[in-house]
Amino acid sequence: MARMSASTKSSQLFFVLLLAILVSPEPAVAGKPPKITRLQFYMHDIHSGQTPTAVRVAPSQPLNFSGENPMFGSVYVADNQLTVSPDINSTLVGRAQGIYAMASLGEDMSLHMMLTYTLQQFNDSSFSVIGRNPVMSPVREFPIYGGTGVFRLARGYCFAQTNSTSGPDAVVGYNVTLFHY
Ligand SMILES: *[C@@H]1O[C@H](CO)[C@@H](O)[C@H](O)[C@H]1NC(C)=O
Ligand SMILES: *[C@@H]1O[C@H](CO)[C@@H](O)[C@H](O)[C@H]1NC(C)=O
Ligand SMILES: *[C@@H]1O[C@H](CO)[C@@H](O)[C@H](O)[C@H]1NC(C)=O
Ligand SMILES: *[C@@H]1O[C@H](CO)[C@@H](O)[C@H](O)[C@H]1NC(C)=O
Ligand SMILES: *[C@@H]1O[C@H](CO)[C@@H](O)[C@H](O)[C@H]1NC(C)=O
């Protein structure tokens, strides 16, 4: 009986050790302080004209529903240009590709965004954002949920501020802070 309980204990210890190994950080990262990269760029969300970079893919007809936001349920796919200044013809630094949807019934007009930002000057490294975007707020904050290349294992946050609008089009200024290894 005593021997059995000792072996149960040692197998418990084994599993605790195994768990500790499974949840411990990658050896290359353990104990290494993260690098911090701060970026600033402008995203061009262009819906109008002959060459839109963001298109509504659903629904094709307005929905009938009782909420305050008639755009509720709209889903968009974007491949937006990122430039160094608010001028769309300024130097291209990358692209924001992904999906966003109008996800609020109410007047706050918040989108849910799932976008990956790829940056040429970082050898096409990317970081991904998933989050709520209350587009009418002057400044919005989004969490960063990982990255690739230089930004592998990234965490961080972005602040976005609409720089200008023209009909359905918008230029959005981004300040990004990335912690990566
Ligand atoms: C939408 O609402 C209008 C007005 O209430 C109604 O005439 C129409 O049939 C509804 N359409 C659908 C698809 O429910
Ligand atoms: C950007 O360049 C295009 C093509 O040369 C031109 O049609 C457009 O007016 C320019 N836009 C701005 C904001 O300068
Ligand atoms: C950039 O990407 C290329 C192709 O993936 C790779 O061969 C090269 O090592 C990368 N350079 C840097 C500095 O990461
Ligand atoms: C972005 O950073 C610039 C320069 O530090 C600052 O002037 C601007 O207010 C910031 N914008 C946002 C939306 O955080
Ligand atoms: C738009 O961006 C320019 C260049 O960074 C900046 O000077 C200006 O204050 C911004 N405007 C708004 C409304 O954020």
Side-chain angles (χ1 to χ4, degrees), residues 32-57 68-181:
K32 232 171 113 180
K35 293 176 191 141
I36 302 177
T37 299
R38 291 193 172 84
L39 305 168
Q40 201 171 2
F41 53 74
Y42 293 82
M43 185 183 82
H44 302 268
D45 195 43
I46 308 299
H47 295 257
S48 69
Q50 293 300 301
T51 53
T53 60
V55 296
R56 189 166 79 158
V57 295
E68 289 162 349
N69 179 357
M71 300 300 288
F72 177 71
S74 303
V75 179
Y76 300 80
V77 175
D79 182 355
N80 289 340
Q81 285 179 263
L82 309 174
T83 59
V84 288
S85 88
D87 178 353
I88 195 164
N89 292 331
S90 64
T91 306
L92 185 74
V93 294
R95 307 196 76 94
Q97 297 172 319
I99 297 170
Y100 57 86
M102 186 56 76
S104 63
L105 285 167
E107 284 169 334
D108 61 317
M109 302 285 278
S110 61
L111 299 171
H112 186 265
M113 309 219 305
M114 293 165 283
L115 293 177
T116 294
Y117 299 74
T118 305
L119 297 165
Q120 292 166 1
Q121 73 192 103
F122 293 93
N123 209 13
D124 287 339
S125 299
S126 70
F127 64 88
S128 296
V129 162
I130 305 176
R132 177 171 176 266
N133 181 358
V135 290
M136 306 310 277
S137 303
V139 177
R140 288 89 69 185
E141 181 180 354
F142 316 133
I144 292 168
Y145 277 93
T148 64
V150 172
F151 304 132
R152 189 173 298 154
L153 296 174
R155 287 167 182 273
Y157 53 90
C158 325
F159 291 108
Q161 185 166 28
T162 302
N163 193 268
S164 65
T165 57
S166 164
D169 303 338
V171 180
V172 182
Y174 273 77
N175 285 354
V176 180
T177 302
L178 286 153
F179 301 87
H180 56 96
Y181 295 91

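Atoms within each ligand, like the ligands themselves, are counted from 1 in listed order. Computed from a prediction, not measured in an experiment: that's the story for all the values here.
- Heavy atoms only, all atoms of each residue included: C158 and F127 are closest at SG-CE1, 4.3 Å.
- The backbone N or O of M109 lies less than 3.5 Å from a partner atom in the side chain of S104, making a donor-acceptor pair.
- With S128 contributing its side chain and Y145 its backbone, the two residues share no donor-acceptor pair below 3.5 Å.
- Side chain of R155 to backbone of F179: no donor-acceptor contact under 3.5 angstrom is found.
- Protein residues lining ligand 5, listed by chain and number: Y42, P86, N163 [non-hydrogen atoms, distance under 4.0 Å].
- Proximity of a side-chain donor or acceptor of N133 to a complementary backbone N or O of S110 within less than 3.5 Å is not detected.
- Checked against L119 for a side chain to side chain contact (heavy atoms under 4.5 Å, CB included), the options D124, V176, T37, L82 give a single hit: L82.
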